[in-house]
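What follows is a set of notes on a single structure, which appears directly below.
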Amino acid sequence: SLVYLKDYKTALAKFQGLEDRFSQTDFLPDLYFWEAECYFQMEQYLEAGDKYTAILARGDNYSFNPLVRYLQAWCLFQQKDYEKALSGFLEAANQAKDSALQKLCRFQAAETLFRMGHFLDAQAAYQKFLDLYPGDYLEAAARYGLGWTFEKLGNQASAAEIYELILNEN
């Protein structure tokens, strides 16, 4: 309940106090997950990523592994380690059975490609996202990303068309 009350520091201390007790049990990945969540919410992405990595390193079939991989990739993205983040987002998308998680991974992969300066690849990824998820709540953000890639590639007319479309839809 401390996590839900957003008392992350206290919750983290409590979770860390349980590590020895649960170190040889199947509950350890859950404990690491909640520790990572506390770090994540405090925007301590390096520490959160380390906990997600610890979960994945166990190699067991933890039911939340695709989500953990997504969150680990998000931590890497926040640290500007875009190569590893992209790999993580793509791997999580391939592993995920949940379509909502697949969608988030695909969107974030497009964002990562853009941040890496791979504008043609980002453009293709945004367009694929738009083709796969028409009318999605992330559609405007994906269209904006698509427009931005057109700008970066020097196609101002196409960028303007995309931005006009966004404005007319909202």
Side-chain angles (χ1 to χ4, degrees), residues 1-118 121-122 124-126 128-142 144-145:
S1 68
L2 291 169
V3 174
Y4 295 112
L5 294 173
K6 299 182 180 182
D7 187 357
Y8 302 117
K9 287 183 180 180
T10 304
L12 186 58
K14 298 280 186 190
F15 291 137
Q16 289 170 336
L18 295 172
E19 279 188 32
D20 286 339
R21 191 166 147 201
F22 291 102
S23 65
Q24 301 302 317
T25 71
D26 291 338
F27 296 111
L28 190 60
D30 292 321
L31 188 60
Y32 285 164
F33 183 86
W34 284 107
E35 288 178 27
E37 179 66 14
C38 290
Y39 284 126
F40 190 92
Q41 293 301 324
M42 294 187 299
E43 298 182 4
Q44 294 179 9
Y45 298 113
L46 179 63
E47 293 83 356
D50 288 346
K51 288 297 175 181
Y52 294 131
T53 299
I55 295 169
L56 296 169
R58 288 179 53 93
D60 54 13
N61 289 327
Y62 185 57
S63 60
F64 296 107
N65 272 355
L67 174 62
V68 169
R69 188 153 318 277
Y70 169 79
L71 292 169
Q72 178 195 43
W74 183 253
C75 290
L76 291 164
F77 181 87
Q78 292 298 324
Q79 295 170 64
K80 298 180 176 22
D81 190 344
Y82 298 128
E83 292 284 340
K84 288 181 184 174
L86 178 61
S87 176
F89 289 130
L90 294 174
E91 191 172 340
N94 289 332
Q95 289 177 350
K97 292 176 177 52
D98 175 33
S99 62
L101 182 56
Q102 289 173 344
K103 174 181 63 176
L104 288 173
C105 291
R106 288 188 177 112
F107 177 79
Q108 203 56 45
E111 294 279 291
T112 305
L113 286 164
F114 184 88
R115 293 279 180 100
M116 293 169 71
H118 298 202
D121 291 335
Y126 284 124
K128 183 174 182 179
F129 180 89
L130 291 166
D131 293 344
L132 288 171
Y133 307 105
D136 187 78
Y137 74 96
L138 288 171
E139 182 176 8
Y144 181 76

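For the single chain, residues carry numbers from 1 onward in sequence order. Computed from a predicted structure; not experimentally measured.
Between Ile55 and Pro29 the shortest heavy-atom distance is CD1-O, 3.6 Å. The heavy-atom pair separating Val68 from Leu56 by the smallest distance is CG1-CG, 3.8 Å. For the pair Ala36 and Ala48, the tightest heavy-atom approach, listed with the atom from each and the gap, is O-CB, 3.6 Å.
Judged as a salt bridge (charged side-chain N to carboxylate O under 4.0 Å, His left out), and not counting sequence neighbours, the contacts of Glu91 are Arg69. In this structure, the side chain to side chain contact (heavy atoms under 4.5 Å, CB included) partners of Thr25, at least two apart in sequence or on a different chain, are Phe22, Phe27. Residues meeting the side chain to side chain contact (heavy atoms under 4.5 Å, CB included) test with Asp98, sequence neighbours left out: Ala100, Leu101. Phe89 is linked by a ring-ring contact (aromatic ring centres under 6.0 Å, His included) to Tyr70, counting only residues two or more places apart in sequence or in another chain. With sequence neighbours excluded, the residues forming a side chain to side chain donor-acceptor pair (under 3.5 Å) with Asp30 are Tyr62, listed by chain and number. Partners of Glu19 under the salt bridge (charged side-chain N to carboxylate O under 4.0 Å, His left out) rule, at least two apart in sequence or in another chain, are Lys51. Residues satisfying the side chain to side chain donor-acceptor pair (under 3.5 Å) criterion with Ser87, sequence neighbours excluded, are absent altogether. Checked against side chain to side chain contact (heavy atoms under 4.5 Å, CB included), Leu12 has the following partners two or more places apart in sequence or in another chain: Gln16, Glu35, Cys38, Tyr39, Met42.
Rounded to the nearest 0.5 angstrom, Glu37 CD and Phe15 CZ are separated by 9.5 Å. The CG atom of Leu90 sits 11.5 Å away from atom CD of Gln95, with the distance rounded to the nearest 0.5 Å. Atom CZ of residue Phe33 and atom CG of residue Leu28 lie 14.0 Å apart, to the nearest 0.5 angstrom. Atom-to-atom distance recorded for Phe40:CZ and Trp34:CH2 is 13.0 Å, nearest 0.5 angstrom.
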Only distances under 3.5 Å count here; give the side-chain donor-acceptor pairs of residues 128-139 to other protein atoms, sequence neighbours excluded, each with its distance to 0.1 Å.
{"unit_1": "Asp131", "atom_1": "OD1", "unit_2": "Gln127", "atom_2": "NE2", "d": "2.9"}
{"unit_1": "Tyr133", "atom_1": "OH", "unit_2": "Arg106", "atom_2": "NH1", "d": "2.7"}
{"unit_1": "Asp136", "atom_1": "OD1", "unit_2": "Lys103", "atom_2": "NZ", "d": "2.7"}
{"unit_1": "Asp136", "atom_1": "OD2", "unit_2": "Leu138", "atom_2": "N", "d": "2.9"}
{"unit_1": "Glu139", "atom_1": "OE1", "unit_2": "Gly135", "atom_2": "N", "d": "3.0"}
{"unit_1": "Glu139", "atom_1": "OE2", "unit_2": "Arg143", "atom_2": "NE", "d": "3.2"}
{"unit_1": "Glu139", "atom_1": "OE2", "unit_2": "Arg143", "atom_2": "NH2", "d": "2.8"}

Output side-chain donor-acceptor pairs under 3.5 Å for residues 73-85, partner residues at least two apart or in another chain, one line each.
{"unit_1": "Gln79", "atom_1": "NE2", "unit_2": "Tyr45", "atom_2": "O", "d": "3.4"}
{"unit_1": "Gln79", "atom_1": "NE2", "unit_2": "Cys75", "atom_2": "O", "d": "3.1"}
{"unit_1": "Tyr82", "atom_1": "OH", "unit_2": "Arg115", "atom_2": "NH1", "d": "3.4"}

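No side-chain heavy atom of Leu86 sits under 4.5 Å from any side-chain heavy atom of His118.
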